Amino acid sequence: MKVLLAHNSTYFPSLGGGDKSNRLLMEALVERGHAVRVATRVEQFGQEGHDAMLQALRSRGVEPDGSDGTGIRYELGGVVVRVLSLSPHLRGFFQAQIDEFQPDIIITSTDDPGQLLFDIAVKAPNARVVYLVRATIAVPFGPDSSMVSASKTEVLKRADATVGVSHYVAGYVREWSGIDAIHVPISLLEDTRDFPLLGRFENPYVAMVNPCAVKGISIFVELADRMPHVQFAAIPTWGTQIDELAAMRQRPNITLLNQMDNIDGLLRQTKVMLVPSVWAEARSRIVLEAMSRGIPVVASDVGGLHEAKLGVPYLIRVNPIVKYKPSVDASMVPVAEVPPQDVAPWHKVMERLTTDEPHWQELAAASRKAALEYAANLNVLPFESVLEGLLQKPKRQPPAPAVRPVLSEEKKKLLALRLRQHNTAAKPDSNPWLPGIEEVPAGRTKLFCFPWAGGGALPYRAWRDKLTALACVVPVRLPGRETRAAEPAFERMGPLVEALLKELRPFLDAPFSFFGHSMGAGISFELARALRQEGLPMPVSLHVSGARAPQYRLNHVPPPEPSMRDFIEELRRLEGFPPSVLNNPELLKLALPALLSDARLYRHYAYEAQGPLDLPLFAYGGEADPNVTAEHLAAWGLQTTQSFRHSEFKGGHFFLEAAQAALLSTLKADLTLALQVR
């Protein structure tokens with residue numbers, strides 16, 4: 001397989017985490033036996049930039065093998081690299097690489113936000129195009145974007161595959177563009193066999209990489225002011241501006257360090273790594289790099305940082321950026337309007353971590369353990385599989401241009417009349433409760449998936465392809481959310497179960513199972529008991545996730561309804577809703593009506609003792625879930641007369657996002673077992 005990376009940034013030496021990740025990804029493909037070429041550029045075109053790149057390469061032991069008049073050629077880690085340095089004509093340079101190399105796959109990414117190279121890539125007659133999303137600020141859609149454009153979004157739909165660096169990013173792309181993005185590991189690490197243990201409580205610095213507006217420099221600087229007894233260190237990179245450098249130099253307890261190729265040079269001096277981003281961080285490789293060396297990380301709870309932390313404390317909420325100015329800074333990054341930040345929670349955590357050595361040791365050990373376990377299974381194979389799969393499919397073709405017929409006024413009126421008649425007679429093409437149910441072939445096993453509080457059907461759609469060989473995933477969409485937002489939501493369990501019983505009754509003729517997460521676990525459990533009471537077909541199996549066994553709510557007395565502030569704080573504390581929504585005021589405003597109704601429903605839900613269900617039952621949970629422990633999961637075993645098993649996964653309450661692959665693998669095995677003994 002011949003792979004060409006379109007890298008509209010500096011490939012090596014790397015200026016950012018995305019650059020380094022792309023390099024390691026390409027070198028891993030070479031190790032798998034593929035031919036890889038990179039088309040990249042220097043920061044500043046011309047002789048000066050050309051000479052600076054030559055010096056940077058030679059100082060790192062890389063000897064260029066010549067020049068063709070436009071730039072530099074060299075090989076690194078088996079990857080052939082072509083650097084445009086002398087000429088600013090990037091489009092012609094990239095087209096020449098396609099013509100010469102004739103790749104099977106062209107990889108583009110969000111380091112090309114203007115789609116300059118993407119536009120050329122999709123026109124290559126035979127190459128499949130893969131679009132890597134490493135930063136949601138650089139895509140042309142959704143609330144994280146700094147440059148929303150419907151036309152550019154349509155262009156991106158021509159990619160043969162879109163891959164997100166995290167589950168957060170892939171979900172964001174699916175939700176806001178309609179592009180069927182997937183998440184596979186694309187931020188690889190160096191050789192994972194020998195990560196040195198560098199974390200020491202005696203290390204001098206609270207450190208930060210790339211301090212700038214979007215990365216939370218305001219929090220970093222204020223912490224330095226509040227903690228003059230603590231030494232801070234920063235490595236300015238691509239985002240740091242001149243005024244920000246000046247502000248840090250004014251603080252006597254902030255040391256500015258030079259950029260370094262090997263991050264261990266910083267980590268061996270670091271006591272705590274600070275990642276206080278105020279934009280939607282896609283994932284952040286520095287989090288995993290620091291944790292793998294036994295260094296505690298304190299990060300903001302935005303974007304993909306929830307996944308990067310692997311369920312290890314601390315994640316602290318911030319007021320995220322929701323608006324950008326129509327201008328760019330000296331680094332060509334959109335200028336953000338950074339809202340005021342509450343530094344008090346950061347200060348409290350940092351005071352403890354810099355003074356309480358036993359707590360520091362506990363967190364350092366947990367960080368290293370989680371990171372090394374994750375890194376042990378991190379490799380290029382899933383990404384390679386995606387590329388190889390694309391070669392078995394035809395290249396995606398551009399949509400045919402619309403041809404507008406020229407109609408007379410009489411024909412226009414006739415057409416309008418027929419359309420009205422058709423719309424009046426037409427039946428809805430989907431079931432509002434069970435979207436996609438009409439596509440399930442007769443006799444196929446169905447897996448009905450019930451949402452968490454405030455959730456809908458969309459998150460489960462990503463499961464369809466992964467489970468299709470075993471069962472057809474049918475997500476349940478309750479009133480009050482997504483396409484049913486105008487309908488009143490249920491606020492009591494009994495009426496909801498009655499309504500679901502009526503809606504599911506026509507579809508119980510073939511084997512089916514239930515899966516429910518959090519509130520959805522309670523709904524699926526009560527629905528199974530209602531089916532039994534009505535003498536209707538029962539599920540093959542019941543799969544409950546992120547929920548305590550129902551008997552914990554025996555004789556439950558509903559507490560008073562909390563204030564809005566307390567309600568949201570409780571959601572944050574218990575991780576009761578995805579942080580990607582909780583930290584986005586606009587999304588939270590949209591989600592609140594259904595979320596409040598669902599909270600009332602579950603607040604008033606009380607368990608009534610009945611006999612256990614006669615079906616296999618499987619319970620799943622997150623190892624770091626603050627409200628659902630292993631004991632709570634094990635207690636589900638009292639609700640079945642048949643086989644029971646409970647499994648835990650990396651992550652907190654929403655482990656089903658962070659550990660989706662592991663969960664679906666276990667779900668497949670459990671469902672297969674249930675179908676075999678049916």
Side-chain angles (χ1 to χ4, degrees), residues 174 178 180 182 385 389 392-393 427-452 455-478 482-484 496-497 499-517 520-521 523-532 534-545 613-620 640 642-645 647 656 660-678:
R174 291 192 298 268
D180 191 19
I182 60 173
S385 177
Q392 307 305 314
K393 303 175 184 178
K427 297 180 180 179
D429 59 359
S430 64
N431 185 311
W433 287 84
L434 308 169
I437 188 69
E438 68 280 354
E439 300 171 10
V440 178
R444 281 297 308 276
T445 299
K446 296 180 284 288
L447 178 65
F448 293 102
C449 295
F450 297 83
W452 52 86
L458 292 176
Y460 289 121
R461 286 188 172 180
W463 293 18
R464 286 179 171 174
D465 289 345
K466 299 179 177 70
L467 297 175
T468 186
L470 192 61
C472 293
V473 172
V474 181
V476 177
R477 179 177 288 142
L478 305 180
E482 296 175 349
T483 58
R484 308 184 69 187
L496 173 58
V497 170
L500 284 167
L501 202 62
K502 177 183 176 183
E503 296 299 328
L504 264 65
R505 190 183 291 262
F507 305 107
L508 306 180
D509 55 332
F512 64 93
S513 290
F514 288 165
F515 176 95
H517 180 72
I523 294 172
S524 61
F525 170 73
E526 289 297 339
L527 183 58
R529 298 210 299 180
L531 289 172
R532 178 178 64 181
E534 293 290 319
L536 294 170
M538 292 292 288
V540 170
S541 53
L542 176 60
H543 306 258
V544 292
S545 168
L613 294 167
D614 187 26
L615 48 69
L617 199 156
F618 304 93
Y620 314 117
T640 178
Q642 293 194 28
S643 59
F644 170 75
R645 180 165 60 201
S647 307
L656 77 173
Q660 186 183 98
L663 169 64
L664 292 183
S665 177
T666 301
L667 178 58
K668 284 182 186 177
D670 292 343
L671 188 54
T672 300
L673 177 64
L675 289 168
Q676 287 173 345
V677 300
R678 171 176 170 263

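Bear in mind that the values here come from a model prediction, so they are computed numbers and not experimental data. Each residue takes its place number in the sequence, starting with 1.
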Applying side chain to side chain contact (heavy atoms under 4.5 Å, CB included) to Leu667 and Leu664, what does each step give before you reach the verdict?
CA-CA 5 Å; Leu667 178 58; Leu664 292 183; 4.2 Å; yes

Stepwise side chain to side chain contact (heavy atoms under 4.5 Å, CB included) test for Leu478 and Val476:
CA-CA 6 Å; Leu478 305 180; Val476 177; 3.8 Å; yes

For Asn431 and Phe507, what are the C-alpha separation, side-chain angles and deciding distance, and is it a side chain to side chain contact (heavy atoms under 4.5 Å, CB included)?
CA-CA 12 Å; Asn431 185 311; Phe507 305 107; 4.0 Å; yes

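In this structure, the separation between CG on Leu531 and CG on Leu536 is 5.5 Å, given to the nearest 0.5 Å. One finds the CG atom of Leu467 at 6.0 Å from the NZ atom of Lys668 (value rounded to the nearest 0.5 Å). In this structure, CG in Leu527 is found 4.0 Å from CZ in Phe514, a value given to the nearest 0.5 Å. Residue Asp465 holds its CG atom at 9.5 Å from CD1 of Ile182, rounded to the nearest 0.5 Å. Atom CH2 of Trp433 sits about 5.0 Å away from atom CG of Leu500, to the nearest 0.5 Å. If you take CZ on Phe512 and CG on Leu447, they are separated by 11.0 Å, rounding to the nearest 0.5 Å.
Under the salt bridge (charged side-chain N to carboxylate O under 4.0 Å, His left out) criterion, Arg529 pairs with Glu526, not counting sequence neighbours. Remark: Thr666 pairs with Tyr620, Ser647, Phe649, Asp670 by the side-chain contact (heavy atoms from CB on, under 4.5 Å) rule, at least two apart or across chains. Taking Arg174 as the reference, nothing meets the salt bridge (charged side-chain N to carboxylate O under 4.0 Å, His left out) condition, with sequence neighbours excluded.
For the pair Thr640 (side chain) and Leu615 (backbone), a donor-acceptor distance under 3.5 Å is present. A donor-acceptor contact shorter than 3.5 Å links the side chain of Lys466 to the backbone of Ala462. The backbone N or O of Thr468 lies less than 3.5 Å from a partner atom in the side chain of Arg444, making a donor-acceptor pair.
For the residue pair His543 / Ser541, a side-chain donor-acceptor distance below 3.5 Å is found, with atom types taken as modelled.
Test Tyr460, Trp452, Phe450 against His517 for ring-ring contact (aromatic ring centres under 6.0 Å, His included) and you get one pass: Trp452.
Of all heavy-atom pairs between Arg477 and Arg461, the closest is NH2-NH2, 3.8 Å. Among all heavy-atom pairs drawn from Pro435 and Ala457, the shortest one is CG-CB, 3.9 Å. Among all heavy-atom pairs drawn from Arg464 and Pro475, the shortest one is NH2-CD, 3.5 Å.
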